[in-house]
Amino acid sequence: MARGRLTAPGSASTVPVTKTTVPLVPREVLFGNPERTGPSLSPDGKRLAWIAPDEGVLNVWLGTITADGVSDERVMTHDRDRGIRGAMWAHDNRHLLYVQDAGGDENWRLHDIDVQTGESRDLTPFEGVQARVEELSKHVPGRVLVGLNQANPQLHDLYSLDLTTGELEKIEDNPGFVSFLADAELQVRGGVTATPDGGIAVVVRDSDDGEWRPLLQAGLEDALTTDPLAFTRDGTGLLAISSVDANAGRLVEMDLTTGEVTVIAEDDQYDVSWAHIHPDTLEPQLAVFNKDRATFEVLDPAIAADIDALRAIDPGDLGILGESDDDTTWLVSFTNDNGPVRYYVWHRPTQQSTFLFEHRPGLTQYTLASMEPFSYKASDGLTIHGYLTFPPDQPREQLPTVLLVHGGPWVRTTWGLEPEGQWLANRGYLCVEVNYRGSTGYGKDFLNAGNREWGAKMQTDLVDAVDWVVDKG
């Protein structure tokens, strides 16, 4: 760094590491495979799939949800190489879907598992081709829309996959889209394409064989804070996150005929990070803004009691990971800064929860640190946000300090369990994490303030953070 100090004020010597007063957390506990993670709720709400090690390699597991948690646990895949990182249910309530590459080549193949027979299939057995799941719908449970870049490595054409036969049928040649968007009946009604100026354009049509027409043009300044989400149930509107005509990404509904925009949820400074949408009506029920912590805006009074009751269960940040097709059962998570992620099933008719598991239960045996939000003024006056993780049970003065810089740059550090930060704090270091200009979540002005500033003002933001910490002693 050109400037900034990691020494005590007024001293030329570095600060010695203070001997920690809490037991050391083994690196395996922080960085090894989770015990169980990535749960996925079956469409009938009765079973759970998740990722867990089998003979030291991550694989797909299946169990039955009971009043006491999960029973009848069994491993469904038997990978012995790189492991499987996630799985999802098809809406036929029978097939689990997952993707896997070979040796890290990122040519993902789509596989499924029949949970009744245990049979597994490679559904896209093509060399050098990348597959991705594009759309699923409870209203068309036996089909999945799959993207394959078989004809052109740069573009994914769209295929319809019949889960009964395993047959793939091409239904859409890609005309240059980054992604497709289908309605609840799996009719391909929308697409996103890149524009020459670095922006994006959202195009739509009235049927799966109609003519494409432009709906929304987002320039370079809006491209990273604009994203279509879903068509309305009647097919006349499109739900999206969009910063067009605003600083931050707002949850909006766009009329497909007139282009009229109705704002549903917004914040002047923070982008909508995600929205929970009703599985039948496709009406937005909840908008979330990632501020210092996740902030909820309940849009549908029908779920207000659910959200209040859920947030009373655990002090962590709530996530809704999925729901049964009848919307009576939710799969939820709670993310904490000083403990493992906890997963529950929420039974809406009875307003009761069932604890499932923690992703790293070994963490509960140790004293972990809190992740504390802070902000400061950069040297040019821009407000920068970040997090401080102090060594637990130590004085907060003259601490050796590590500045932990997130990658991207178009991502951000969020509040929650940060293994690297916990590792450093546990060994006596103050860990400083900064969402420098160019980080996401803080609106497009902040995001675009990083343009052409790589190694310049973005770097200065980091140095300013070091100066701020040092000046505080």
Side-chain angles (χ1 to χ4, degrees), residues 43 88-92 95 97 99 108-110 112 123-124 126 129-195 199-218 223 226-242 252-259 261 275 277-284 325:
M88 69 177 75
W89 286 88
H91 284 280
D92 65 357
H95 292 91
L97 305 172
V99 295
W108 307 102
R109 292 190 182 186
L110 179 62
D112 76 343
L123 297 166
T124 57
F126 313 117
V129 175
Q130 185 188 77
R132 62 191 191 193
V133 175
E134 297 281 2
E135 293 278 0
L136 303 97
S137 173
K138 61 174 284 186
H139 303 286
V140 194
R143 290 177 56 209
V144 179
L145 298 189
V146 178
L148 293 174
N149 63 346
Q150 191 170 22
N152 181 346
Q154 296 179 327
L155 298 173
H156 287 72
D157 298 323
L158 204 56
Y159 292 75
S160 175
L161 169 66
D162 186 313
L163 286 171
T164 301
T165 65
E167 180 182 356
L168 281 166
E169 177 189 359
K170 183 187 281 191
I171 59 172
E172 198 77 41
D173 288 315
N174 192 326
F177 290 171
V178 176
S179 60
F180 289 95
L181 193 66
D183 63 17
E185 307 303 326
L186 292 186
Q187 292 190 83
V188 182
R189 298 276 314 283
V192 179
T193 183
T195 58
I200 62 170
V202 179
V203 298
V204 295
R205 61 188 183 185
D206 295 324
S207 65
D208 58 5
D209 59 357
E211 294 294 323
W212 295 109
R213 65 179 186 275
L215 177 68
L216 177 67
Q217 189 89 9
T226 298
D227 187 31
L229 300 177
F231 288 99
T232 58
R233 189 67 182 94
D234 63 6
T236 64
L238 180 68
L239 295 172
I241 295 172
S242 173
V252 301
E253 180 180 329
M254 292 180 287
D255 186 290
L256 298 187
T257 301
T258 66
V261 175
I277 298 173
H278 191 283
D280 278 319
T281 67
L282 300 184
E283 291 291 330
D325 277 351

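Between Leu282 and Ala184 the shortest heavy-atom distance is CD1-CB, 4.2 Å. Nearest heavy-atom pair across Pro175 and Phe180 is CD-CZ, 4.3 Å. Annotation for Leu239 and Glu253: closest pair CD2-CB, 3.9 Å, computed over non-hydrogen atoms. Of all heavy-atom pairs between Ala90 and Pro43, the closest is O-CG, 3.4 Å. Among all heavy-atom pairs drawn from Ser160 and Ile171, the shortest one is CB-CG2, 3.9 Å. Annotation for Ala240 and Pro228: closest pair CB-CA, 3.8 Å, computed over non-hydrogen atoms.
Using a 4.0 Å cut-off between charged nitrogen and carboxylate oxygen, Lys170 and Asp157 count as a salt-bridge pair.
Separation of atoms CD (Glu172) and CZ (Phe177) is listed at 7.5 Å; rounding is to 0.5 Å. If you take CD on Gln130 and OG1 on Thr124, they are separated by 10.0 Å, rounding to the nearest 0.5 Å. Note that CG of Asn174 and CG of Leu158 are 8.5 Å apart. Values are rounded to the nearest 0.5 Å. For the atom pair CZ (Arg233) and CD1 (Ile277), the distance works out to 13.0 Å, reported to the nearest 0.5 Å. Taking CG from Leu148 and CZ from Arg109, the interatomic distance works out to 11.5 Å, rounded to the nearest 0.5 Å. With rounding to the nearest 0.5 angstrom, the CG atom of Asp92 is 9.0 Å from the CG atom of Asp112.
His156 is not listed as a side-chain neighbour of Val146, based on a closest heavy-atom distance of 4.5 Å or more. For the pair Trp89 and Leu136, the minimum side-chain heavy-atom distance is 4.5 Å or more. Counting heavy atoms from C-beta outward, Ser242 and Leu216 have side chains that approach closer than 4.5 Å. Under the 4.5 Å side-chain criterion, counting only non-hydrogen atoms from C-beta, Arg143 is in contact with Leu145. Residues His139 and Leu186 form no side-chain contact, since every pair of their non-hydrogen atoms from C-beta on lies 4.5 Å or further apart. Counting heavy atoms from C-beta on, the side chains of Leu123 and Leu168 never come closer than 4.5 Å. Two residues are said to be in side-chain contact when any heavy atoms from C-beta on lie closer than 4.5 Å; Leu238 and Leu181 meet this criterion.
In this structure, the side chain of Asp227 does not engage the main chain of Ile241 through any donor-acceptor pair within 3.5 Å. Ser137 places no side-chain N or O within 3.5 Å of a backbone atom of Glu185 that could act as its donor or acceptor partner. Side-chain atoms of Thr193 come within 3.5 Å of backbone atoms of Gly176 as a donor-acceptor pair (strictly under, hydrogens ignored). Although no hydrogens or angles enter the test, the distance criterion places a donor-acceptor pair under 3.5 Å between the side chain of Arg205 and the main chain of Val188. Side-chain N or O atoms of Asn149 include none that pairs as donor or acceptor with a backbone N or O of Asn152 at under 3.5 Å. Put simply, the side chain of Arg189 gets close to the backbone of Gly235: a donor and an acceptor are under 3.5 Å apart.
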* To do: List the steps and the verdict of side chain to side chain contact (heavy atoms under 4.5 Å, CB included) for Val178 and Ile200.
  => CA-CA 9 Å; Val178 176; Ile200 62 170; 6.0 Å; no
